[in-house]
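Here the structure comes first, spelled out in structure tokens, and everything after it is commentary.
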Protein chains: 2
Amino acid sequence: MTAANGRGTVGVDAPGGEWPGGESRGEAAAGRPGAGDTVAAVVRQWEAVRPDLDTAPMEVIGRINRCAALLQQAEDSPLRHAGLTRPEFDLLGALRRTGLELTPGELARETFSSGAAVTKRLKQLTERGLVERRGDTRDRRVAHVRLTDAGRALVDGILPAQLSYETTVLAGLGGTDQRELAALLGDLLVQLEGRLRTPRTTA
Amino acid sequence: MTAANGRGTVGVDAPGGEWPGGESRGEAAAGRPGAGDTVAAVVRQWEAVRPDLDTAPMEVIGRINRCAALLQQAEDSPLRHAGLTRPEFDLLGALRRTGLELTPGELARETFSSGAAVTKRLKQLTERGLVERRGDTRDRRVAHVRLTDAGRALVDGILPAQLSYETTVLAGLGGTDQRELAALLGDLLVQLEGRLRTPRTTA
DNA sequence: AGCAGGTGTTTTACTGGTAAATGATTTGGC
DNA sequence: GCCAAATCATTTACCAGTAAAACACCTGCT
């Protein structure tokens, strides 16, 4: 087991042994109350029904998806509280952290979204007075986008709160586990970013 | 620098040391070519601009979000190839792995989506002949949904391909790292599922 | 029986994303 | 210099999700 835990996640191993044959009633997603996370429960179901399959990848990918979903819709996060979605904040953040004016295209690449999505967000954020645009003098196709003072103030005001919120959300993991998790995700991400080059429609 | 590494990954550590002051040109998302993943680059930018902030949570949450996004839009996955989105497949999968008829409400809970979303997906999947519904005889509000033979065949046909696709996607990580990652994500998920109880509008 | 209130599902109105087409401009070959 | 092809951004048409309201039905109290 080597790993992280010694306790193999799936290892709780159920005392009695009765199974959801008919009575999964009440708990969502095949989850028994005290057991592991919901993904583990799902994986156990698959193993029961299709024991021939190697379900290992579900343990990683299923959990990544579910973590992302949960983190996304955390209603109490400072971001939402400030009326910003994560993609909007990412856009503002890209401007703040680079300290530069960026073109819509650059913003799309920075934030890993499509050009069309950026156009829409910029419209929104411009109306809210958080960003400004000016045309390029040389190349009249491109625009340059920068934070307004209000936009910069908003980012600077929210970011610490958001980070400390995220810190508490992660607090259940020890510091060592967090670093280890970050490192492993980083390794995975390097692979993914190489392998599945997103064909982001810059156009 | 404490940070992220403790282990390799980020350890490349930049030879020279010139910095994106003005020349992030060309590479997306602050990424220098050989360095770590894009999230690491973003974090470095934040640290340069706001050294007072504790960026540790970004290393985890940012990477989870980015991994999820990349995995989502993997255009070559068997799922997409079969014309199914992940949420659609999750719905079919819930029916397959439980082996039962489920009501729309149960499906919503199983798949962590809203009732309305399930309604829409069911409409879609019914039209495609992958699921069937019958009304409950006792309680005429509820419906019972089951896989058609075609639906079951589709799931059984796709799942092995999808899993083996996922296996190769994860192959860059060693088996041990994969298990460790799964375990850590499981730990995190337990925390998140307890902490941020999603107020899923069952209604 | 009758009705207040709860539950299971669907509908409505809207939002934010996407892919593909479009408009506007620059660039490079000749 | 001029036109074909490339590039940057936006627009269009559409689709899937959401929250809130509506609908249909059941349940339990009186």
Side-chain angles (χ1 to χ4, degrees), chain A residues 25-26 28 65 68-70 72-75 79-80 83-91 101-128 131 133-145 198-203, chain B residues 25-26 28 65 68-70 72-75 79-80 83-91 101-128 131 133-145 198-203:
Chain A
R25 252 316 117 342
N65 286 333
L70 282 175
Q72 213 84 48
Q73 51 199 180
E75 194 56 61
L79 243 61
R80 297 213 152 208
L84 288 176
T85 63
R86 167 68 69 169
E88 283 166 345
F89 184 75
D90 284 351
L91 194 162
E101 291 185 330
L102 297 175
T103 68
E106 287 167 337
L107 281 168
R109 285 186 288 274
E110 279 303 320
T111 63
F112 307 107
S113 23
S114 70
V118 168
T119 297
K120 279 198 175 181
R121 277 176 223 148
L122 284 178
K123 191 180 168 194
Q124 250 275 109
L125 295 171
T126 308
E127 281 166 6
R128 289 204 245 169
V131 302
R133 38 196 323 163
R134 74 176 174 79
D136 188 304
T137 37
R138 290 293 179 80
D139 185 339
R140 285 183 308 196
R141 287 170 304 180
V142 324
H144 295 269
V145 180
T198 312
R200 276 268 54 109
T201 50
T202 305
Chain B
R25 253 311 119 339
N65 286 333
L70 283 175
Q72 214 85 51
Q73 48 199 182
E75 195 56 60
L79 242 60
R80 297 213 153 210
L84 287 176
T85 63
R86 167 66 71 168
E88 284 167 344
F89 183 75
D90 283 351
L91 194 162
E101 290 185 329
L102 297 175
T103 68
E106 287 166 340
L107 281 168
R109 286 186 288 274
E110 282 300 322
T111 62
F112 306 106
S113 23
S114 70
V118 168
T119 297
K120 278 198 176 180
R121 295 201 273 258
L122 285 178
K123 191 180 168 194
Q124 250 275 109
L125 295 171
T126 307
E127 281 165 7
R128 290 204 246 169
V131 303
R133 38 196 321 164
R134 71 174 175 82
D136 188 303
T137 36
R138 290 295 178 81
D139 186 340
R140 284 182 308 194
R141 287 170 303 180
V142 326
H144 295 269
V145 180
T198 312
R200 277 266 55 110
T201 51
T202 305

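Sequence lines set the chain letters: A, B, ... in the order given, protein chains first and strands last, and positions in each chain run from 1. Values in this document were obtained by computation on a predicted structure and should not be read as measured data.
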Output the distance between atom CG (A:D90) and atom CZ (A:F112), rounded to the nearest 0.5 Å. 9.5 Å
Can you tell me how far apart CG (B:L84) and CD (B:Q124) are? Round to the nearest 0.5 Å. 9.5 Å
Measure [atom1]/[X] against [atom2]/[N] and give the value in whole Å, please.
X: B:E127; N: D:dC15; atom1: CD; atom2: C1'; result: 14 Å
X: A:F112; N: C:dG17; atom1: CZ; atom2: C1'; result: 18 Å
X: B:L122; N: C:dG8; atom1: CG; atom2: P; result: 16 Å
X: A:L102; N: D:dC8; atom1: CG; atom2: P; result: 14 Å
X: A:R80; N: C:dT15; atom1: CZ; atom2: C1'; result: 12 Å
X: B:D136; N: D:dA24; atom1: CG; atom2: P; result: 18 Å
X: A:Q124; N: C:dC14; atom1: CD; atom2: P; result: 16 Å
X: B:R133; N: C:dG8; atom1: CZ; atom2: P; result: 15 Å

Quick one: label A:T85 by what it contacts on the DNA or RNA (base, sugar-phosphate, nothing), any heavy atom closer than 4.0 Å. nothing
Need one value for B:R86: base, sugar-phosphate or nothing, where a base atom within 4.0 Å counts as base even if backbone is also close, heavy atoms only. nothing
Looking at residues at least two apart in the chain, or sitting in another chain, which of them share a side-chain hydrogen bond (donor to acceptor under 3.5 Å, both in side chains) with B:R133? none
Electrostatic pair A:R141:A:D139 at N-O distance under 4.0 angstrom: yes
Electrostatic pair B:K120-B:E88, nearest N-O below 4.0 angstrom: no
Proximal nucleotide (of [options]) relative to the [X] side chain:
X: B:A116; options: D:dA9, C:dT11, C:dG17; value: C:dT11
X: B:T119; options: C:dT11, C:dG17, D:dG17; value: C:dT11
X: B:K120; options: D:dA13, D:dA9, D:dG17; value: D:dG17

Is the side chain of A:E106 donor-acceptor paired with the backbone N or O of A:T103 at a distance under 3.5 Å, no angle test? yes
Any sub-3.5 Å donor-acceptor pair from B:T119's side-chain atoms to B:G115's backbone N or O? yes
Might you list the N or O atoms of the protein lying below 3.5 Å from N or O atoms in nucleotides 26-28 of chain C, with each pair's distance?
unit_1	atom_1	unit_2	atom_2	d
C:dT26	OP1	A:R138	O	3.1
C:dT26	OP1	A:R140	N	3.4

Most 5' of A:E88 and B:H144 on DNA chain C, judged by nearest nucleotide: B:H144
Sorted by position of nearest nucleotide on DNA chain D, 5' first, the leading residue of A:K123 and A:V142 is A:V142
OP1, OP2 of C:dG8 versus side-chain N and O of B:T103: anything below 4.0 Å? no
